[in-house]
Amino acid sequence: MYPFKEIEEKWQNYWQQQKMFSVTAQPRRKKYYLLEMFPYPSGKIHMGHVRNYTIGDVIARFKIMQGFCVLHPMGFDAFGQPAENAAIKNKTKPDIWTYKCIDQMRQELKRMGFSYDWTREISTCDVSYYKWNQWIFLKMFERGLAYRKAAEVNWCPSCLTTLANEEVIDEGCWRCGTKVEQKKLEQWFLKITEYKERLLEDLTQLKNWPQRVLTMQTNWIGKSEGVEIYFRLKDTQKTIPVFTTRVDTIFGATYLVLAPQHYLVRELIAGKLQEKEVLKFIEQVTKRTKSVRSSGEMKKEGVFTGSFAINPVNEEAIPIWVADYVLMEYGTGAIMAVPCHDQRDFLFAREYNLPMRIVITPPNSQLTQSPDDLKEAYEGDGIQINSGQFNGLPNQQAKIRIAEWMENTGIGKIKTHWRLRDWLISRQRYWGTPIPIIYCPKCGIVPVPYEDLPVELPKKAHFTGEGGSPLGKIKEFVNVSCPKCKAPSIRETDTMATFFDSSWYFLRFCSPHSDSAPFDTEEVRYWMPIDQYIGGIEHAILHLLYSRFFTKFFQDLKMLDFSEPFQRLLTQGMVLKDGAVMSKSRGNIVDPDSIIKKYGADTLRLFILFAAPPETELEWDDRGIEGAFKFLNRIWRISKNLKEGAPPELIRIMHKTIKKVTEDIEEFKFNTAIASLMEFVNAIYQLGADRQVFSNLLLMLAPFAPHLAEELWESLGNRESIFKSSWPKYNPQQITEEKVTIVIQVNGKVRSKIEVAPDISEERLKELILADEKLKRWIQHKPIKNLIIVPRKLANLVV
RNA sequence: GGGCAAGUGGUGGAAUGGCAUACACGAUGGACUUAAAAUCCAUUGGCCGUAAGGUCGUGAGGGUUCGACUCCCUCCUUGCCCACCA
């Protein structure tokens, strides 16, 4: 067993003392900015971190050996709820708890031997960092991109505090179990919707992002083109606007549905028979928390308002309902229901016995004319029926014609709707960046002047979990004089969502100590954009979208001259155990630290790369790790047993391996790169290696198992770190084959193989095939219909 | 409900139109050892066969092709993300 513990400590200290991975911009050299999503400092790293950061480390070390000037930084996304909750539980302070966790986590990362430039470490909870959050907020405020608006929060009436969605358990408060209510609060929003077109269009630039992330972002932004139709309220001049993407189904609209919060509802029911019932229904619905309302098997519920609307295309009076499946936040908060051609409307109509009408039939099979026979809504394309002057048209054509007709007659208007909402950043919490705003009774909302930044988090807060944000209870913090008129004023006590912090940290890494700006323009010009970003798929939407938004904002401020921060994106798969994601509640966690103690970091790194390709899920197997450990031990033993001169056969294998490993790493196929290293080691074992062959093995091993590679490199007499050497190159002449094996098939089945010169003529090959003894029994007496030859590979005889 | 992945030996996986199961784990047998561990060697998809060999086989069914794990269609299963988006 090789002494991994001593070796790993030795080289980790060496790298640190030599500042091996500290870099400065060197404009004449090619740069490579590699970034992995920084962790929340929970104190312990988990296998997901190990996988993410090992993948990054292999690429970083590989690029270093290829001669790139590599920026590979690490930091901590350190604000957030867990610190505050820990403070409540353990009677400590969020900052003390967080910094302790950071120290622990940094140690664990160092024990993995990652090649970070630790001189660039940042923590988002440092004043020197969050000061710039405030600066950015003020810039956004100046441009009208930060604004205040009322929004609902989860509210615990017992603790008198707001709760995050994940703190609401079964509709109750996680601390006291009291039923959670919805409460409206004035909060801060960022106008990300102003960037919606650019956020959508620029996705086409991201050629090296996984397709599924691009799709998810596209869906999230959710551009949909349709028509806003104006339904007149019966017996009045009032209109109800309704948005639809299926204007072709307008003749099948048999009722309208309003969201419970719709502004017209109360007016509609005033003095009607249904008033009481509707009000009761609305009360019921609004009490429900958002998480319940959107939780899946929700039954669609609704009530009739007693009012009717006029369908503008056929003057039909149709009933108006209120139902919980229509959302105030999307479209106009009202829909036209077409039960025959929308499954949700179909279910609702069946439930409440509402009328239905088929207006589109599938082109070939005649859809039954009676809606009673329908088992589900028909949402596909077809021919218009029951649609007045549009009968007989294919529905896609009708869509355009009806829309134009509506525009001309003023019945409706062609409109584009977006799913993307503005971004709510206010949190009624302590452990976050204070929003730099002051409320003056005379001047109103007043931004904190730039020269007064930072607004520091006061140290003396108390953490009880009750009575709202701890900041609000600190008089010295809250009571200030207005920066404009000096009148006694109140400070904003909300802090920013932590996604704000992580939306620009990658820029900060370029000049982490800059105290005159969030980042230094010259440094950013050299390092950005990020060449490779690596992280979990769970951040496919929000974090990446917000970072893209910030980048575009900085571009508008002329602080950046590009619009997309991440050129390439790699989303690594989850680490599973027994077929399920590792989690505390499942009790299937494998602690990386215990593996390091038993086998060392090199083994852990090697196994996690070998067990699966980076993008797929990885099933953890305690036995598999033994294999990686054995492999490293094998190399250790070989190093003690080198020979003079290596057989030419081994030299050829070496060149082939260099080619394969280089190509595989470039395509992030680490598992097969390691497999070919194993094959190479097996060949060395059999044939016996000399120093030159073994040196090349070490060079290729170095990104994967850097400690062992360094140690053995030194034992060969090298004075400098292996990472000062360049990546080995293969000699193309050494990998050309003298002979190639041609597989011969008869009717697609392998029947024989022959060895021939690579440049053999087709005619000569044909002669050889027809002369082949083994083939005789398969082609006897049968006429040869065809012979397909794939050069250097295969021949297929069709008989 | 929508979107996106994935489905291959006992297990993790390899092969992206051309020899299915590379590499590794596990298992079995053997060598070394007083013994064990470690190490080394051999075997290891199913079925038929003493063997040579044959035959079936990549979730299921169909299609394209000289040839399909790979491409197309339908379905099933699992995972992930999002979710009443009109």
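Chain A is the first sequence line, chain B the second, and so forth, proteins listed ahead of strands; every chain is numbered from 1. Note that the structure is predicted; figures quoted are calculated from it, not measured.
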Rounded distance in Å - [atom1] ([X]) to [atom2] ([N]):
X	N	atom1	atom2	result
Q745(A)	U65(B)	CD	P	17 Å
I788(A)	G17(B)	CD1	P	18 Å
W620(A)	G13(B)	CH2	P	14 Å
F704(A)	A24(B)	CZ	C1'	15 Å
N682(A)	A22(B)	CG	P	13 Å
L787(A)	G67(B)	CG	C1'	13 Å
L327(A)	C82(B)	CG	C1'	14 Å
E663(A)	A14(B)	CD	P	17 Å

When you compare [N] with [M], how far apart are their [atom1] atoms, in angstrom units rounded to a whole number?
N	M	atom1	value
U77(B)	A60(B)	C1'	10 Å
U74(B)	C56(B)	C1'	25 Å
G7(B)	G59(B)	P	8 Å
C23(B)	A14(B)	C1'	8 Å
G45(B)	G10(B)	P	10 Å
C47(B)	G9(B)	P	15 Å
C81(B)	A86(B)	P	23 Å
A68(B)	G62(B)	P	14 Å

Self-check item: More than 12 heavy atoms of other groups within 6.0 Å of K659(A) NZ
Solution: no
Describe the nucleic acid contact of [X] in one word from base, sugar-phosphate, nothing, applying a heavy-atom distance below 4.0 Å.
X	result
V798(A)	sugar-phosphate
G627(A)	sugar-phosphate
E617(A)	sugar-phosphate
V750(A)	sugar-phosphate
D345(A)	nothing
R419(A)	base
P210(A)	nothing
V326(A)	base

Self-check item: Pairwise 5' ranking along RNA chain B for F610(A) and N671(A), keeping only the more 5' one
Solution: N671(A)
Quiz item: More 5' along RNA chain B: F243(A) or M216(A), using each one's nearest nucleotide?
Solution: M216(A)
Quiz item: What class does the angle between the rings of Y2(A) and F4(A) fall in, given that below 30° is parallel, 30 to 60° is tilted and above 60° is perpendicular?
Solution: perpendicular
Quiz item: Taking the inter-plane angle between the rings of H539(A) and F499(A) on a 0 to 90° scale, is it parallel (under 30°), tilted (30 to 60°) or perpendicular (over 60°)?
Solution: perpendicular
Exercise. Determine if the base of G9(B) is syn or anti; take syn to mean the glycosidic torsion is within 90° of 0.
Key: syn
Quiz prompt | Secondary-structure notation, RNA chain B, from Watson-Crick and G-U pairs under 3.5 angstrom (| other strand) | solution = (((((((..(((.....[....)))((((((.......))))))((((....))))..(((((..]....))))))))))))....
Quiz item: Where do V746(A) and V798(A) land on the side chain to side chain contact (heavy atoms under 4.5 Å, CB included) test, with the steps shown first?
Solution: CA-CA 6 Å; V746(A) 178; V798(A) 188; over 6 Å; no
With the criterion being N/O to N/O and under 3.5 Å, what pairs connect the protein with nucleotides 36-40 of chain B, and how long is each?
unit_1 : atom_1 : unit_2  : atom_2 : d
U39(B) : O3'    : R637(A) : NH2    : 3.3
C40(B) : OP1    : R634(A) : NE     : 3.0
C40(B) : OP1    : R634(A) : NH2    : 3.2

Ignoring the backbone of [X], work out which of [options] is nearest its side chain.
X	options	result
N219(A)	G26(B), A86(B), G3(B)	G3(B)
D621(A)	A22(B), G54(B), C25(B)	C25(B)
V790(A)	G18(B), G12(B), C84(B)	G18(B)
T672(A)	A14(B), A86(B), C82(B)	A14(B)
A611(A)	A86(B), G12(B), C80(B)	G12(B)

Looking only at atom types and distance, does a side-chain atom of [X] sit under 3.5 Å from a main-chain N or O of [Y], one as donor and one as acceptor?
X	Y	value
R232(A)	P312(A)	no
D422(A)	T193(A)	yes
T657(A)	L677(A)	no

Self-check item: Check: Y685(A)/N641(A) side-chain N/O donor and acceptor closer than 3.5 Å
Solution: no
Quiz item: Hey, does the Lys NZ or Arg CZ of R419(A) hover above the aromatic six-ring of W220(A), less than 6.0 Å from the centre and inside 45° of the axis?
Solution: yes
Practice problem: Check the pair Y255(A), N311(A) against side-chain hydrogen bond (donor to acceptor under 3.5 Å, both in side chains), reporting the backbone distance first and the verdict last. | Solution: CA-CA 9 Å; Y255(A) 62 101; N311(A) 185 342; over 6 Å; no
Self-check item: Under-4.0 Å side-chain N/O to phosphate OP1/OP2 contact, N796(A) with U65(B)
Solution: no
Practice problem: For the pair E626(A) and Y599(A), evaluate side-chain hydrogen bond (donor to acceptor under 3.5 Å, both in side chains) and give the outcome as yes or no after the intermediate values. | Solution: CA-CA 8 Å; E626(A) 296 269 0; Y599(A) 302 101; 3.0 Å; yes
Exercise. Evaluate the criterion ring pair (Phe, Tyr, Trp, His ring centres under 6.0 Å) for residue pair Y352(A) and W321(A); output intermediate values, then yes/no.
Key: CA-CA 10 Å; Y352(A) 294 98; W321(A) 282 62; 5.1 Å; yes
